[in-house]
Amino acid sequence: MPASAAEQLLDHYDCHARSLPWRSMPGDAPPEPYHVWLSEVMLQQTTVATVKPRFRRFIERWPTVEALAAAPDEEVLHEWAGLGYYARARNLIACARTVAARGDFPRTESELRKLPGLGDYTAAAVAAIAFGERAIVVDTNVARVIARVYGLRKPLAEARKEIRELADRMTPDRRPGDFAQAMMDLGATICRPRNPGCGNCPLASGCMARDSGTPESFPAPKAKPERPKRYGVAWWFERDGAIWLTRRPERGMLGGMAALPGPEWNLDRLPTPSLALVSHGFTHFTLDLGVIHRFGTPDGEGWWQPLERIGEAGLPTLYRRAVEEVIARKDDLAA
DNA sequence: AAAGCGTGGTA
DNA sequence: TTACCAAGCTT
């Protein structure tokens, strides 16, 4: 790769639309560390299109990290509902409180790395983008771009160290944050996993994957683990137009989120009589959840949520869809 | 270190 | 419709 590759990439980047809400033009003051941190955490395993509106709502509701730190856990989890990977929201709360207590964000990658929810990628991204540190930012986009430019066929998991060394070699002293974002934009919009757009790529010259004629075959795809099926039930207690909701345990699936009550999802098969059935794909299994009408009084902790305001309950997608399904059935019956 | 952890878009 | 995949982190 020519020494000017980083410059070519940055030139290309400067000429194209900025995709993130807090993005600044070259020469502008660096973006708020709070904004960079929040968006980078949201962007973990989550698309820009999904994050954009959610990010705006967050900073409108909590304009500073101090405001976020002062918010009750429930409100933050509620605002996160639907975004997935809910451990991120719990770490977000812990991190905001740590930062508020110490007065500001740490300004170096190594100190940022100690905060909850900031791993290698996010610590480097915040250090580079918010503070201008020459941190080595490697996400899956960057790894794919490098694997192609240097013709690495191994699966990314095996090429980690090599890719990191190459990324270090590529990263410029100036504008390391813009460079990181330019690499990620390139991976997201041009050097895509499938159907890469080599014709528009600023790094096409000298790219070994492109020269091979089959750029999409770099790097090798990772083996896919099979996704087993699980079954479970949830209970529908209804009284005066309200249903009984509970909060899930802090740890584990949908940790800390609002939910329909019910036992663990460990059935061999689904019991037949149910108000509704939803099938939901999680990361490592698929769940068929039956909703069963129950009478009497629910036990344990929980609250009556009026169905008219079910949208305000902060339900994760599985339960939101289950409730929608039950309501749709009832409407059918009434019609 | 391998597995657990959501969801929505795209082909 | 299924399969793949996304600005990863934690234990």
Any [X] side-chain nitrogen or oxygen under 4.0 Å from OP1 or OP2 of [N]:
| X | N | result |
| --- | --- | --- |
| A:His280 | B:dT7 | yes |
| A:Thr122 | C:dC9 | yes |
| A:Thr140 | C:dA6 | yes |
| A:Arg90 | C:dT10 | no |

With heavy atoms under 4.0 Å as the rule, sort [X] into base, sugar-phosphate or nothing.
| X | value |
| --- | --- |
| A:Pro225 | nothing |
| A:Gly82 | sugar-phosphate |
| A:Pro116 | sugar-phosphate |
| A:Ala49 | nothing |
| A:Arg192 | nothing |
| A:Arg320 | sugar-phosphate |

Taking the side chain from [X] and the backbone from [Y], do they hold a donor-acceptor pair closer than 3.5 Å?
| X | Y | result |
| --- | --- | --- |
| A:His78 | A:Glu312 | yes |
| A:Arg248 | A:Met253 | yes |
| A:Arg210 | A:Val149 | no |

[Y] and [X] aromatic ring geometry - parallel, tilted or perpendicular at 30°/60° bounds:
| X | Y | value |
| --- | --- | --- |
| A:Tyr34 | A:Trp37 | tilted |
| A:Phe237 | A:Trp235 | perpendicular |
| A:Phe58 | A:Trp80 | perpendicular |

May I have the distance from [X] (atom [atom1]) to [N] (atom [atom2]), rounded to whole angstrom?
| X | N | atom1 | atom2 | value |
| --- | --- | --- | --- | --- |
| A:Arg321 | B:dT7 | CZ | P | 9 Å |
| A:Asp120 | C:dC9 | CG | P | 7 Å |
| A:Phe282 | C:dC4 | CZ | C1' | 19 Å |
| A:Trp80 | B:dT7 | CH2 | C1' | 12 Å |
| A:Arg248 | B:dG6 | CZ | C1' | 12 Å |
| A:Lys222 | B:dA2 | NZ | C1' | 13 Å |
| A:Leu112 | C:dG8 | CG | P | 17 Å |
| A:Arg88 | C:dA6 | CZ | P | 15 Å |

Pair A:Glu238, A:Lys330 - check salt bridge (charged side-chain N to carboxylate O under 4.0 Å, His left out), show working. CA-CA 13 Å; A:Glu238 183 170 351; A:Lys330 287 163 73 175; 2.8 Å; yes
Filtered N/O pairs between nucleotides 3-5 of chain B and protein, under 3.5 Å:
unit_1: B:dC5; atom_1: OP2; unit_2: A:His284; atom_2: NE2; d: 2.4

Nearest-Å distance once atom C1' is located in both C:dA6 and B:dG6: 12 Å
When the C1' atoms of B:dA3 and C:dA7 are considered, how many whole Å apart are they? 22 Å
Residue A:Tyr121, side-chain heavy atoms: nucleotide from B:dT10, C:dG8, B:dT7 that is nearest: C:dG8
Which nucleotide in the list C:dT10, C:dA6, C:dA7 gets nearest to the side chain of A:Leu43? C:dA7
Go through the steps to decide whether A:Tyr121 and A:Glu40 satisfy the test side chain to side chain donor-acceptor pair (under 3.5 Å), and finish with yes or no. CA-CA 9 Å; A:Tyr121 163 74; A:Glu40 289 300 338; 2.6 Å; yes
Whichever of A:Gln45 and A:Arg251 has the more 5' nearest nucleotide on DNA chain C, that residue is A:Gln45
Does a side chain donor of either A:Asn91 or A:Arg88 reach within less than 3.5 Å of an acceptor in the other side chain? no
Give a yes or no on whether a donor-acceptor pair under 3.5 Å exists between the nucleobase atoms of B:dG6, that is its base, and the side chain of A:Thr46. yes
